[in-house]
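All values below were derived from every heavy atom in this structure, side-chain atoms included, with hydrogens, water molecules and symmetry-related copies excluded. Nothing here was measured: the structure is a model prediction, and the numbers come from that model.
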Protein chains: 4
Amino acid sequence: MPPRTPIPLIKVDVKKAPWEQNPKPHNRWHPDIPPVAEAKAGDLFRVETIDWTGGQIKDDDSAEDVKHVDLSRCHHLSGPIRIVDGQGIPAQPGDLLAVELCNLGPLPGDEWGYTGTFDRDNGGGFLTDHFPEATKAIWYFDGIYASSRHIPGVRFAGLIHPGLIGTAPSHELLKIWNDRERALVEGGEGSTTLGGVLHTRPLALLPEPKGALLGGVPTDTPAWARVSGEAARTIPGRENGGNCDIKNLSRGCKVYFPVFVEGANLSMGDMHFSQGDGEVSFCGAIEMSGFLELKCEIIRGGMEQYLTPMGPTKLHVHPIFEIGPLEPRYSDWLVFEGISVDETGRQHYLDASVAYKRAVLNAIDYLAKFGYTKQQVYLLLSCCPCEGRISGIVDVPNAVATLAIPVAIFDQDVRPKPGGPPVGPRLLRRGDVAKATYEGSKPLTINACMCGGGH
Amino acid sequence: MPPRTPIPLIKVDVKKAPWEQNPKPHNRWHPDIPPVAEAKAGDLFRVETIDWTGGQIKDDDSAEDVKHVDLSRCHHLSGPIRIVDGQGIPAQPGDLLAVELCNLGPLPGDEWGYTGTFDRDNGGGFLTDHFPEATKAIWYFDGIYASSRHIPGVRFAGLIHPGLIGTAPSHELLKIWNDRERALVEGGEGSTTLGGVLHTRPLALLPEPKGALLGGVPTDTPAWARVSGEAARTIPGRENGGNCDIKNLSRGCKVYFPVFVEGANLSMGDMHFSQGDGEVSFCGAIEMSGFLELKCEIIRGGMEQYLTPMGPTKLHVHPIFEIGPLEPRYSDWLVFEGISVDETGRQHYLDASVAYKRAVLNAIDYLAKFGYTKQQVYLLLSCCPCEGRISGIVDVPNAVATLAIPVAIFDQDVRPKPGGPPVGPRLLRRGDVAKATYEGSKPLTINACMCGGGH
Amino acid sequence: MPPRTPIPLIKVDVKKAPWEQNPKPHNRWHPDIPPVAEAKAGDLFRVETIDWTGGQIKDDDSAEDVKHVDLSRCHHLSGPIRIVDGQGIPAQPGDLLAVELCNLGPLPGDEWGYTGTFDRDNGGGFLTDHFPEATKAIWYFDGIYASSRHIPGVRFAGLIHPGLIGTAPSHELLKIWNDRERALVEGGEGSTTLGGVLHTRPLALLPEPKGALLGGVPTDTPAWARVSGEAARTIPGRENGGNCDIKNLSRGCKVYFPVFVEGANLSMGDMHFSQGDGEVSFCGAIEMSGFLELKCEIIRGGMEQYLTPMGPTKLHVHPIFEIGPLEPRYSDWLVFEGISVDETGRQHYLDASVAYKRAVLNAIDYLAKFGYTKQQVYLLLSCCPCEGRISGIVDVPNAVATLAIPVAIFDQDVRPKPGGPPVGPRLLRRGDVAKATYEGSKPLTINACMCGGGH
Amino acid sequence: MPPRTPIPLIKVDVKKAPWEQNPKPHNRWHPDIPPVAEAKAGDLFRVETIDWTGGQIKDDDSAEDVKHVDLSRCHHLSGPIRIVDGQGIPAQPGDLLAVELCNLGPLPGDEWGYTGTFDRDNGGGFLTDHFPEATKAIWYFDGIYASSRHIPGVRFAGLIHPGLIGTAPSHELLKIWNDRERALVEGGEGSTTLGGVLHTRPLALLPEPKGALLGGVPTDTPAWARVSGEAARTIPGRENGGNCDIKNLSRGCKVYFPVFVEGANLSMGDMHFSQGDGEVSFCGAIEMSGFLELKCEIIRGGMEQYLTPMGPTKLHVHPIFEIGPLEPRYSDWLVFEGISVDETGRQHYLDASVAYKRAVLNAIDYLAKFGYTKQQVYLLLSCCPCEGRISGIVDVPNAVATLAIPVAIFDQDVRPKPGGPPVGPRLLRRGDVAKATYEGSKPLTINACMCGGGH
């Protein structure tokens, strides 16, 4: 008979710094970061994680901590966990690791989170050319619901999920990552791999020893120097899963990860209480510490059986996700559209990213008519359960992207009506997010016609 | 007391050619195409439409009609309809036209549809570099359900919607469209407005008198020559709505369109029995003739009150959509992911279109393991109620896109399991779509590791 | 290749009387009523039906037609339809007949319906001791939505379904029905088969030649006299399905009926645009004429394989229903509770009917605080998509029943709030249903504390 | 700024007996049971509860503990909690207490539950005349999912809820309860308040000092003697809420309770991991210990504003429930029907309880064809998220009740198919529940035609 209570595998203490945790987290991907724990297929085990910045962001009313955040230290992952089968034989490269997310939640005693936008010169966000300053909103949780003193008038049920979960890359896969990302950076401006209009931020984050936490790799050793110089940053999602930021990856879901190294070496972190599709503000979900209760199953040989490589090597694969029945159900949605024409009126070719930017900008301006500041809406659309869709991707030259927002999360009716949105005394102003001035010199994207509140 | 039965406003006869219909449809956008009917705000009225190709595609087992389709003649729209208020005063530029889609369906006696991919040299599709040949699948409808003799083993409930609905552009807006699309074509290869990897197809379709149908504009007149030389093609979605291809725009939904010309001049067509997000195969929904029962409401001044221009003029706006409670509800979804690394392994920068291409390719190869050909899955993902999401758009350098497929549409369990997908006698081959050989000379995108069925 | 358009099997003309229809409908259950049409397993066929009263109720503002309705003539069923397999062999007693409801709707040109309560002395309703007068509300349909000039302020999407559908009984089954219903009537007051408190209405409706319509049985013959004297009334649901009034039996559902006679002899009618669980007002759904598009499948021997008789003979079985994914989804519900204590305060033992009566009475009084009359709410709860649940049936002595109402159907927020419901100018009175005075002498159930509007 | 973590108000220790807890629980309703804690409106506070039997049922494979359970000691409630507003003024009789259930769960370290049927002579269940023996199934929880070694082959997401929550009655209300329940018992057989067929169990449980736990009432005092002799048993739901067993009363829901005594004196317990409508087996949910995190709001005067008394005094009211968006969504349901004809074939008059009994019996026999024993199905239908509906309550003489079961909870397809249910080697036997022989002498209800497994 299996134990009926989750096996406590990895614990954290949110009062301590990341490097003081036991076991130590890691914030880079590398096959040589050793496992800190082992779990058997079929066991239900519990993993705690600190928030992705490792405690840099505080529950207060200033955005200075967001502005000066040290991103070289993010994300802080719990693991790696070595997965073995009932006979103790570890997962092997070529297997598929089925991970069921049985329960997820904030850490008892630490039931809060934050959403922010980074300063344009320190991370930025999807709309950083419009909103260059750091901002912050703090959220408290009433069970399934989140609400914020910085964005009054909204409340929604969270779909708690790990922003980041994945298996360790092999040396070969790691080299592929580093090579292609370095080529992008070296290609620079004018590269055909750039759509152009989103190029307001760093192209990629290459390996960087500064700020690296490597779990059990002994510090001040040649091994540490080597691994820290090679290890991939955790920001992008890649073949191993990683920072895939899939907002519906919540309680009851299952992920099928490719296994690249013996034992699979599963790591996770960056818990989100809720997130919108796209996580547009970058520090964009409701970020929190949290726990996961998981079960693993090893599908022997499943990587070859189920995943077709889509690229030059057999490592160019992606995980598969299975989403279950326990989502909030909303009956009414307001949907904003964008096409691949940018804010200057220039036509782009089937560029879904440009189209989605337009859809988000449209939604921000629309909702700002109801008493919110644009910064409040920007953060809200990053963390509420809104859906970002690729609606049309073939009708040259325009991609069509849509952003659907459940109307029930607002305490007022935000649908269009004869008579227009509330004005005068009917318009309720609703506080604001914390802000920190942008002191850099990059130009804003000014929309000649944008004249609402907030800027 | 209003009449209790929808007012029959525009009828079609599917046995006749487009130019034989009365009133004549139009297949270009231009402010000088005169209204063919008038409807009063609050009235429930009925509009019939022919299918988008105007009867070029037949219910048979050959894809030759798809291969040689004349796209210069598409789409065939019913309208324009002039909208007036209760006092007979027409909608004015600057108003918002709220259009409620009360009921939608196939035409009685014509309950079938088709899905196809165009030949790479005549329209192509999202994956035309992988699948250059024309293909076709025919669907029959059992009430809410669609099934196809060309793709046995799947069946799903349709979300019937108009692929194309919109108001007429003003002269000023039309000029903006033509200018920006011409600039794209003239920019050509290497333009920063191209993400590059999707550039396998025409950049844009500029005004083209050949094939133009202009409704009530008298043929063989200077007016016809001028309008046909200026009128915008209907392929892309734009500020007036148009070919927005939003799959959830079904029974009970409401769209808020900007009004650019007196009377609004609402047109619609391209009815879909069902579509997947992105409509990836281009001829991609279940295309059909059909009817719409609509109600309009004029929100005076609503364009300025509710829509913020997002571009250099006050015409750079988008419609807003409101989606209602009557959708199929599926409990379980299988989700495929793509990141912005292309099939050659090259890294692209936050390119959601590339990421979505990867997600779709992943899903095709996965499902092909269950007995379908890749061409069957490609068509299926274009027309079944799958969801295409922009999951991550900020984690440099990778955009993450996902494609979620409801598992209940298959008559077998397509989830990963120990033991792998069905093999040997357990694997049921399931016919195939109609195909027409590609005779052009453009190179295929070959995935070194793609070795499944179908190519 | 099957025809792609539903086969028109039975048509009606709503301008004609029931007995003028061709083929003639029937309003009794009897094995000797001959089939009027035949359908093959797998075919999609279309059946039209007149409304259940056969046109007795008019679209006007008087309830006199409801008050004086002739119930001996109800319901008017289309059929029987003989079902054969691909080889022409009819369904046999002991088979299971799977009937898929592919599409359902009002008849084009007749898009309206009615809801009413009967006069206490001519049919009554669930709450007839509280509301003895005949009332009526007329509904018009905007596609999926229904709204009424008699109950302004509400609008909801319909779940169109046949109130009545079933197979013909065999002679043996018919005798069982007649025997047990006659025993009930003969037992009369004080019978242990009565819960008592609901005994405000006729106990059962025994065979009655007056008003009988027997389809193809030739009138003025000994056969007619015999059949009309034996044939079961259509009011109650029984082993053959019949008037089961399951509100979710809508588009895409499947019913598995037992077959009692050769050919199954399937009949149907009493189309509802929408109904609440329980159909409490008796004339209680949105009653209309309509059409069904169906497919049948014969499961040979399935009655024995799948249905366990629950009673003294092997005919004591029930159909099974399968409900599909296309329902309205509502996110928020207000739930009213009732326990098995009646309005006089008397305790009943685990009586779910009493408990449900309490729940409905509670909901009526609650909603009447928001400007509706009690009669409006009574009709609304009978026809809107509310859910009636048996929540607790074991906690002696109280059964607990609940009535859940989707809040989105109202154009105001009807949830409890500090400050109480709207009063003074905030309270909007909202017209009323048509009423016809009760002229009988039966006593009202007076609730000492009931003091709201409407009585 | 409110604290961001729930205030721990009442704790339990599941290793201790009920009477060893601090504070002591109570298992009777009485206004003189003093509050053990106080909570302020708006505060989020946490209450732990022991399971309803107070630890009498064990995680093992014998049903002897269920057979000999001491029901005089049930349910064990945590509270009463005195509710005050922001100024410290307590809730007053006539107010409405809005209680939001923000989070609910099993107690960490105690993640298991049980379902059972009681012995016919010690509690019984809805079908005790068919299944007189005590049975038990143990459930373990994988996060949101429950599965049982005693009922293999099923797994479902729980809708965790308190089976019992309510405010304290006033002396006047308590007297009403005791009077009407005593009258029922005294009326006995033949009373018109009995439907008859369900009378297989005790009529009511009158006040009983044996087994009473009265919280802070000092034992061995005249007060204890008086209160224990008057205090109402907790089994039935009543005007104060209490054992309402509403299965959807889960995370995010809100209940509006009438306030009968100063401070409201809110109590709760009997946590369920999941329950089916009706909780038919009586020990019928997945019973567990657990926690609730709640918020209260006082609506001053709201009882009069919102609740209409439905009976002779103004205390004859019911709570109102508001259900939120976070439910499992299932796409397909199999629905079993029952009419008010009992197992002997006797006709009852509009008796929804009889009809529901039939529907449950039908479902049990049907599912037993797929390899389960009838006892397994009986327990399953009591605790899985099935829906019990009153479908028709007006069509004399038959009430129609339905039981809808989501097909996704089974690991096989349980829908009817040509060829019949699995037989021979295809039929997988699936263990059984724990059973304890019935040694009493009451007669079974034998269904002549019931011949499946299990009895």
Side-chain angles (χ1 to χ4, degrees), chain A residues 126 180-181 184 192-196 198 204 235-237 243-246 256 277-278 282 299 305-306 308-312 318 321-323 325 331 333-335 337 339 345 347-353 356 361-362 365 388-398 400 416 418 420 448-449, chain B residues 126 180-181 184 192-196 198 204 235-237 243-246 256 277-278 282 299 305-306 308-312 318 321-323 325 331 333-335 337 339 345 347-353 356 361-362 365 388-398 400 416 418 420 448-449:
Chain A
F126 186 44
R180 76 183 178 207
E181 294 183 14
L184 177 74
T192 59
T193 54
L194 293 178
L198 294 183
I235 294 294
N243 197 14
C244 42
D245 283 329
I246 296 176
Y256 302 88
D277 279 341
F282 188 29
I299 302 181
Q305 288 169 332
Y306 284 109
T308 304
M310 199 61 54
H318 294 80
F321 305 84
E322 194 181 323
I323 285 174
S331 49
W333 300 77
L334 209 51
V335 181
E337 187 197 33
I339 59 175
Q347 177 74 56
H348 293 256
Y349 181 67
L350 293 183
D351 190 323
S353 304
Y356 194 52
L361 285 167
N362 277 327
D365 268 80
R389 301 282 187 92
I390 293 173
S391 293
I393 194 69
V394 290
D395 299 318
V396 291
N398 276 334
V400 175
C449 295
Chain B
F126 187 46
R180 78 185 177 205
E181 293 181 18
L184 178 74
T192 57
T193 54
L194 295 177
L198 294 183
I235 296 295
N243 197 16
C244 42
D245 284 330
I246 296 176
Y256 301 88
D277 279 340
F282 188 27
I299 302 182
Q305 287 168 333
Y306 283 110
T308 304
M310 199 60 54
H318 293 78
F321 306 85
E322 194 180 323
I323 286 173
S331 48
W333 301 78
L334 208 53
V335 181
E337 185 198 36
I339 59 175
Q347 178 73 56
H348 294 255
Y349 180 69
L350 292 184
D351 190 322
S353 305
Y356 194 53
L361 285 166
N362 277 327
D365 269 80
R389 302 283 187 92
I390 294 173
S391 293
I393 195 68
V394 290
D395 299 319
V396 290
N398 276 334
V400 176
C449 295

> CG of Leu361(B) to OG1 of Thr308(A): how many Å apart, nearest 0.5 Å?
10.0 Å
> Could you check which of Pro236(A), Pro418(A), Gly392(A), Gly345(A) has the highest count of heavy-atom pairs closer than 4.5 Å to chain B?
Pro236(A)
> Residues in side-chain hydrogen bond (donor to acceptor under 3.5 Å, both in side chains) with Glu322(A), at least two apart?
Tyr256(A), Arg415(B)
> Indicate yes or no for a side-chain donor-acceptor contact from Tyr349(A) to the backbone of Leu184(B) under 3.5 Å, with no hydrogens or angles considered.
no
> Nearest 0.5 Å, please: how far is OG in Ser353(A) from OH in Tyr356(B)?
13.5 Å
> Compare all side-chain heavy atoms of Leu350(A) with those of Phe126(B) and state whether any distance is below 4.5 angstrom.
no
> Quick one: does Asn398(A)'s side chain have a donor or acceptor within less than 3.5 Å of a partner on Gly237(B)'s backbone?
yes
> Between Ala204(A), Ser391(A), Ala352(A), which shows the greatest number of heavy-atom pairs under 4.5 Å with chain B?
Ser391(A)
> Between Val400(B) and chain A, with a heavy-atom cut-off of 4.5 Å, which part of the residue counts as in contact: side chain, backbone, both or neither?
side chain
> Select, from His318(B), Gln305(B), Arg180(B), the one with the greatest count of heavy-atom pairs under 4.5 Å involving chain A.
His318(B)
> Among Ile235(A), Leu334(A), Ile390(A), single out the residue with the greatest number of heavy-atom pairs under 4.5 Å to chain B.
Ile390(A)
> What residues form a side-chain hydrogen bond (donor to acceptor under 3.5 Å, both in side chains) with Glu337(B), not counting sequence neighbours?
none
